[in-house]
Amino acid sequence: MDWENAYRQKDTPWDKGAPSPGLVDFLETAAIHGRVLVPGCGFGHDVRAIAALADTQVTGIDIAPSAIEKALKKRPVGSEVFLLADLFALPPTLLGTQDWVWEHTCFCAIEPARRKDYVKAVRSALRPGGHLAAIFFLDPGHTDPETGPPFGVGVRELDTLFQKSGAFELLHEWEPKRSYPGREGRELMRLLKAK
Ligand SMILES: C[S@@+](CC[C@H](N)C(=O)[O-])C[C@H]1O[C@@H](n2cnc3c(N)ncnc32)[C@H](O)[C@@H]1O
């Protein structure tokens with residue numbers, strides 16, 4: 001998938017112009033603070049929602065220059081930073097330094113063959129005991145696991161990748177009460193702790 005080309009063509013059906021409803025609700029109850037990494041941040045709606053909280057330093061990364069360019073043009077709401085960076089080649093400043101990673105539509109965007117690399121990359125960004133909060137797209141609306149992005153994922157595969165690999169401990173999972181229109185009942189949220 002050529003993400004930069006999609007942004008240049010304005011072919012960005014994933015962008016809803018607002019933060020994920022599941023994140024907005026999660027932020028009302030969760031004590032997110034400290035350094036937060038948002039991989040595959042796109043235009044940065046989720047980054048700004050987190051940056052609006054007190055005591056957060058949020059970094060949004062994306063491999064598409066046009067997405068980062070547009071994110072940087074928005075008025076800052078806190079101390080958020082946007083970087084052109086690849087999750088699979090994180091800059092040293094983002095290694096072992098993050099208290100939180102927020103996942104939303106980055107995992108489902110990468111090739112399924114790279115999922116183990118995704119888990120390693122996210123784990124490598126976190127300090128020991130840091131948290132990964134995620135919305136996983138269980139059902140992207142098609143049944144072919146080879147078709148995507150977005151690539152769907154099953155609960156068992158998530159368990160294997162994140163917990164059984166020894167990288168994370170699952171603290172909590174729930175279905176978001178609210179989703180973007182059309183994604184209702186198709187998402188799963190998880191809170192994981194880095195081991
Ligand atoms: C489906 S879009 C979601 C964007 C944003 N999270 C949203 O919901 O609007 C996936 C994003 O991940 C980015 N991306 C894909 N592979 C990446 C990688 N290896 N590192 C960083 N970003 C990546 C793409 O450029 C794209 O902006």
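Remember, it's 1-based here, ligands and their atoms both numbered in the order they're listed. Positions are given from 1 along the sequence.
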Asker: V24: which residues meet the side-chain contact (heavy atoms from CB on, under 4.5 Å) condition with it, sequence neighbours left out?
Answerer: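 Counting only residues at least two positions away or on another chain, V24 forms a side-chain contact (heavy atoms from CB on, under 4.5 Å) with P19, R178.
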Asker: Between K10 and D15, is the closest basic N to carboxylate O distance under 4.0 Å?
Answerer: no
Asker: Please determine whether a side-chain nitrogen of the Lys or Arg among E169 and K193 lies less than 4.0 Å from a carboxylate oxygen of the Asp or Glu.
Answerer: no
Asker: Hey, which residues fall under 4.0 Å of ligand 1 on heavy atoms?
Answerer: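 Under the 4.0 Å cut-off, ligand 1 touches W3, Y7, W14, G40, C41, G42, D62, I63, A64, A85, D86, L87, F88, H104, T105, A109.
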Asker: Do the ring centers of W174 and F136 come within less than 6.0 Å of each other?
Answerer: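 No.
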Asker: Spell out, as yes or no, whether a donor-acceptor pair under 3.5 Å connects the side chain of Q57 to the backbone of E80.
Answerer: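 Checking the backbone N and O of E80 against the side chain of Q57, no donor-acceptor pair under 3.5 Å is found.
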Asker: Do the ring centers of F107 and F151 come within less than 6.0 Å of each other?
Answerer: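 Ring-ring flag for F107/F151: false, centres at least 6.0 Å apart.
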